[in-house]
Amino acid sequence: MRFDELRGLVLLLATSVAALWLAATNQLQLYIHPRYVVPTAIAGLIMVPLAIAAARYAALPAAADAPRRKGRWPVIAARASFVVCAFGVVALIATKPAALTSATATQRGVNSAAVGSAPGQTRAPVSSPLFGGQDYSNFTVKDWASLLSQTDDPDFFAGKKAAVSGFIVADTQDPKNVFYVSRFVITCCAVDARPLGVPVYQPGWQDRYNQDQWVEVTGIFDANPSSLSQVTVAVIADSIKPIPQPERVYDY
Amino acid sequence: MIKGPVRAAGYLMAGLAFWLLLTRSFQDVVQYSLPNKLQDLVTLMSSVILESLPFIVLGLVLSVVVQIWLPDRLITRRLPRNPFLRRIWISFIGMFLPVCECGNVPLSRGLMVQGFSVGESLTFLLAAPILNPITIITTHAAFPNDPAILWARLIGAFVIANLIGWLFSRQRNQESMLVPAFVAVCKAHDHTQRARKPARSLQLFARESNNILPALFVGAFIAALIQVLVPRSILYEIGSNPVWSIAIMMLLAFVISICANVDAFFALAFSNSFTTGSIVSFLIFGPMIDIKMLNLMRTTYRPKVLAQVSVVVALASAIIGLVVQYAF
């Protein structure tokens, strides 16, 4: 039996075994929305015995086999496909499960896809009922990011206390003095993750903390003292405490 | 006694499990970390594959059921004979078989073996991801105050799917639009060997896996690579322009390769940054044509057909987006 005849089943087995292991160790949520965890695990459970059973018949003589394509490009394409599939199997089976990093957050732009974040977009005035009578004490990164995208009036935010947790992403304009406490929000799986964050003004933060490190920040909002950063308001931190990466790394 | 292939599969399974235990056990002892971009490439590619697994499984199983267990041409016999009415009926098959678009590819292969023409299979492939109850519910839930978005999506999908079906039904040589491997599959299909259905089911399952899974892996890799390499800020800066926003949202849909069942919630995040027309174009174009889908469809249709379909779908989606933008 040639390997080509089994490659689909090998990929299916690798995916199913990885899905089952990740589901059993509660790490499938690093890749997909929790609503898909059970269906994915069930699919894995069904596929493992089915793929093994199907292997017996994978090499049966086929009236359905088409003549192989000849030429250099089909060979190159086949080899490239093999390399990519092998990479995928290694990614699923051998690499340590991990959430998306600050590289993706920076590449996608923290808060760039938040509601109301488009350049030149008219934001709601502070007098709007949108901003009245809310309890901010339990606001998360997602809540603050949404509010920040609606208004960046320092007077509105002045004095408001923030207590948020997330991973550190350096501000692109003033990385030495400003960082974001960030979380990814996903809809379906990691591929659609949007980074949201709360800006924190903390000069020299890189001496004590690393990018991608999970922290809990408490502080008070005020006008951003940084002259380089484009963010107009930021949390002036009175406490930055490193924390372990939580089990639920994404927001939904 | 276990035969050779089953033994080989068993060893393979044991090997995978052992390797998994080995690498996972050592991960706590041997601390290592990949560079961030490489790590994210791994995470993104894995997320697409894992998220697609249940839908691929469903599509493969349904394809086997349709090809092996249903009486020959059962579905095609119940459809109207008039080609125009047939395509209209086919557009709504997704209402009864709500499989994600990646699962629809193996199912459409099964339907073609059952007698669907190339045009009819394309109508099914393009309509089913959108004209199904789950997508309708989630689109309404994401845009409850914008019924125009939901209706534009549904009507647009119906029109485009039937337009494509009509265009490709005019091609006389249907086989010339299919890859040789699939033409051979269709010709070899034989419903007379009823006594060996379980064996034939497993054989077909193995063959379909061989076609679909490598395509899924390659599509996932390309989608992940583009996301890691191309800054998204470039896209966001022109979101407010009525014409460019449509092009950018369609490009985003092509790259993101997100399932139609939930793409409305993803699009919702852009609803204040991008025009309504561009949101509609995203919601129509994405489920029909994206990196993952094109790679899966490559297992069945020739590249020229895929290019033609992509161009027509893109143009039609853009036009519908512009109409919505200026009419509502």
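Protein chains get the first letters and strands the later ones, always in sequence-line order, with residue 1 at the start of each.
How far CG of B:Leu60 is from CG of A:Leu12: 7.0 Å, rounded to the nearest 0.5 Å. Put simply, CG on B:Leu213 and CG on A:Leu9 are 8.0 Å apart, with the number rounded to the nearest 0.5 Å.
Chain A forms more heavy-atom pairs under 4.5 Å with one residue of B:Ala215, B:Ala220, B:Ser46 than with any other, namely B:Ser46. When each of A:Ser16, A:Ala98, A:Ala193 is scored by its heavy-atom pairs under 4.5 Å with chain B, the top score falls to A:Ala98. Contact tally against chain A (heavy-atom pairs below 4.5 Å) for B:Leu50, B:Leu44, B:Val42: the top residue is B:Leu50.
Side-chain N or O atoms of A:Gln107 include one that pairs as donor or acceptor with a backbone N or O of B:Gln227 at under 3.5 Å. For the pair B:Asn210 (side chain) and A:Gly8 (backbone), a donor-acceptor distance under 3.5 Å is present.
Looking at B:Gln39, only its side chain comes within 4.5 Å of chain A, counting heavy atoms on both sides. Of the two parts of B:Val218, the backbone and the side chain both hold a non-hydrogen atom closer than 4.5 Å to a non-hydrogen atom of chain A. The contact between A:Leu28 and chain B is made entirely by side chain atoms (from C-beta outward), counting heavy-atom distances below 4.5 Å. For B:Ile212, no part sits under 4.5 Å from any heavy atom of chain A, backbone or side chain.
The heavy-atom pair separating A:Leu100 from B:Asp40 by the smallest distance is CA-OD1, 3.5 Å.
Heavy atoms of other residues, nucleotides or ligands lying less than 6.0 angstrom from CD of A:Gln173 number more than 12.
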